[in-house]
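Predicted, not measured: the structure shown is a model, and the values here were computed from it. The basis for the numbers below is simple: all heavy atoms, side chains too, and nothing from hydrogens, waters or symmetry mates. First the proteins, then the strands, lettered A, B, ... as listed; each starts at 1.
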2 protein chains.
Amino acid sequence: MSPARAHILVVEDEAAQREILRYNLEAEGYSVAEAADGDEALLLLEEEAPDLVLLDWMLPGVSGIEICRRIKRRASGRDLPVIMLSARSEEVDRVRGLETGADDYMVKPFSLRELMARVRLQLRRARPGTMGARLQYGALLLEPEAHRASWAGHGLKLGPLEFRLLSTLMEHPGRVWSRESLLRRVWGREHDHDTRTVDVHVARLRKALRRAGAPADLVRTIRSEGYALG
Amino acid sequence: MSPARAHILVVEDEAAQREILRYNLEAEGYSVAEAADGDEALLLLEEEAPDLVLLDWMLPGVSGIEICRRIKRRASGRDLPVIMLSARSEEVDRVRGLETGADDYMVKPFSLRELMARVRLQLRRARPGTMGARLQYGALLLEPEAHRASWAGHGLKLGPLEFRLLSTLMEHPGRVWSRESLLRRVWGREHDHDTRTVDVHVARLRKALRRAGAPADLVRTIRSEGYALG
DNA sequence: CGGCCATGTAACAGATTCGTGACAAGAGCG
DNA sequence: CGCTCTTGTCACGAATCTGTTACATGGCCG
């Protein structure tokens with residue numbers, strides 16, 4: 001399995017559409033979160049820290065365009081690709097969609113194959129680190145290609161889950177991850193585990209870091225919230 | 001069969017064309033991977049780690065030119081020759097093709113004989129190690145021409161498959177190869193084997209390396225992922 | 001201080017993955 | 001045909017990984 005699968009947030013009010021998108025995205029190896037309306041979307045943007053957003057234009061609650069605007073206004077928004085989906089085909093809307101900062105735009109009905117291509121395109125554009133190079137945080141280095149992690153040159157001995165956990169933390173240094181988010185991200189959406197499982201694996205990750213000489217507080221605990229790197 | 005056959009990715013949407021290219025390339029002793037569109041091409045660039053790309057200009061999804069640009073933008077792109085194929089014959093396109101960084105350019109319909117010559121040329125230019133001289137990683141030396149491999153001067157006794165396996169690993173030191181990738185690459189596309197077969201051959205390769213005095217961890221196991229050299 | 005909840009972590013059992021010897025089938029060859 | 005070398009599969013044990021539990025620790029608040 002890939003070190004850290006890209007995580008995609010699907011914002012779409014129609015359940016059937018969501019299901020289709022989810023099914024196809026997961027078939028491509030992505031992990032998926034779903035939001036049925038604008039409010040949920042805003043919530044999950046924080047909760048899930050997706051790597052890409054598929055955003056329906058027509059939404060109950062906060063409109064797709066408004067959500068897009070908010071994403072792009074955030075400091076981190078520039079790195080978070082948004083692909084707008086719309087039933088409208090008027091040129092004016094296409095223009096407006098892109099003007100709000102969306103990175104791409106597709107008109108329904110669209111080819112799933114083409115959508116997948118654009119998803120891959122945007123991810124590649126925005127997350128070169130995952131596609132080959134490496135992730136770095138201070139002396140902490142992670143090479144997905146070689147499946148290796150090290151602190152100041154000293155290799156870390158990590159199991160598969162610990163590796164994925166560290167990858168996830170390193171993708172958003174400083175971000176606080178709830179145990180539930182980590183379970184969904186690292187273990188997958190079909191997880192059936194206690195949140196304490198996360199604690200144990202964080203402990204194991206810390207032990208590995210300790211052995212390599214990393215400071216004890218590299219992985220911080222935020223009481224009753226979760227964990228964060230640095 | 002050549003010791004470390006060059007691996008060629010053919011990107012061409014027309015199935016008949018792909019078949020012709022595949023047939024002729026394999027007759028020349030290359031191993032071939034096929035992509036039917038730009039989408040698939042980007043995926044297989046990662047998956048297959050080809051040594052050369054034959055790239056059709058006209059493609060559904062991501063265009064050939066865009067793919068070429070991406071290949072050449074990557075750090076490793078400079079070592080990966082691209083030969084563009086196009087039905088257009090206008091001079092302007094020829095220029096644009098080369099401007100994106102393609103190493104060569106052929107206009108359809110072309111002579112297969114000439115294409116093969118150019119393939120050979122590009123491979124020779126970009127992979128002097130594999131095409132003639134030798135491949136090296138630390139004290140590990142591989143001479144494809146003589147079909148010999150050695151560690152610090154001490155010869156390795158390898159069967160044909162083990163030799164190909166080692167060649168493949170040495171072409172991308174550090175890179176993690178999944179068992180499926182290795183099966184495709186070493187055993188060929190038409191393989192009908194259990195993934196555990198790879199394990200057995202890795203064990204045999206390791207035994208040969210051990211006898212020659214190489215360190216035990218020269219071929220790493222990445223649990224639930226695959227194998228990597230160094 | 002004492003109670004309460006959140007967290008750290010050793011330990012255990014179970015599951016998964018891997019290493020490798022054994023063996024049989026096939027190819028090449030004299 | 002015998003012999004040797006190579007190869008694919010199997011099976012068993014070893015190594016490693018995982019989730020849960022249990023208990024220890026530590027923060028927070030009255």
*Calculate the interatomic distance between A:Asp194 atom CG and D:dA22 atom P; express it in whole Å.*
12 Å
*asked:* Any base atoms under 4.0 Å from A:Ile222, or only sugar-phosphate, or nothing? Heavy atoms, all strands.
replied: sugar-phosphate
_Pairwise side-chain contact, B:Thr221 with B:Arg206, heavy-atom cut-off 4.5 Å (strictly under)_ = yes
*In whole angstrom, give the distance that lies between atom CG of B:Leu165 and atom C1' of D:dT6.*
15 Å
*May I have the distance from A:Arg196 (atom CZ) to D:dT25 (atom P), rounded to whole angstrom?*
15 Å
*asked:* Contact between A:Leu54 and A:Val119 at the side-chain level, heavy atoms closer than 4.5 Å - yes or no?
replied: yes
*Which atoms form the tightest heavy-atom contact between A:Gly174 and A:Ala228, and what is the distance?*
O-CB, 3.9 Å
*Check the surroundings of atom OH in B:Tyr23: do more than 12 heavy atoms from other residues, nucleotides or ligands lie under 6.0 Å from it?*
no
_Between C1' of D:dT7 and CG of B:Asp199, the distance in whole Å_ = 15 Å
_Side-chain touch A:Arg211/A:Lys157, heavy atoms, less than 4.5 angstrom_ = no
*In dot-bracket notation, what is the pairing pattern of DNA chain D, taking Watson-Crick (N1-N3 plus N6-O4 or O6-N4) and G-U wobble (N1-O2 and O6-N3) contacts under 3.5 Å, with [ ] crossing and | for other strands?*
||||||||||||||||||||||||||||||
Between the protein and nucleotides 15-18 of chain D, list every N/O to N/O distance that falls short of 3.5 Å.
residue : atom : partner  : partner atom : Å
D:dT16  : O2   : B:Arg223 : NH2          : 3.2
D:dC17  : O4'  : B:Arg223 : NH1          : 3.2
D:dT18  : OP1  : A:Leu161 : N            : 3.0

*A:Leu140 versus A:Leu209: any side-chain heavy-atom pair under 4.5 Å?*
yes
*Contact class for B:Arg206 vs. all strands (heavy atom < 4.0 Å): base, sugar-phosphate, or nothing?*
sugar-phosphate
_Can you give me the first and the last nucleotide of DNA chain C (5' to 3') that has an atom within less than 4.0 angstrom of a non-hydrogen atom in chain B?_
C:dT16 to C:dA22
*Using a distance-only test with no angle check, is there a side-chain donor-acceptor pair under 3.5 angstrom linking B:Arg175 and B:Ser181?*
no
*Judged by atom type as modelled, is there a donor-acceptor pair below 3.5 Å linking the side chain of A:Arg220 to the main-chain atoms of A:Gly230?*
yes
*Any Lys/Arg nitrogen of B:Glu46 or A:Arg120 sitting under 4.0 Å from an Asp/Glu carboxylate oxygen of the other?*
no
*Name the orientation class of the two ring planes belonging to A:His193 and A:Trp187 (parallel below 30°, tilted from 30 to 60°, perpendicular beyond 60°).*
perpendicular
*May I ask you to say what B:Val200 touches in the nucleic acid, namely base, sugar-phosphate or nothing, with a heavy-atom cut-off under 4.0 Å?*
base
*So, do B:Thr197 and B:Val200 sit near enough that their side-chain heavy atoms are less than 4.5 Å apart?*
no
*Residue mapping more 5' on DNA chain C - nearest nucleotide basis, A:Gly226 or A:Lys207*: A:Gly226
*To the nearest Å, how far apart are B:His147 NE2 and D:dC5 P?*
17 Å
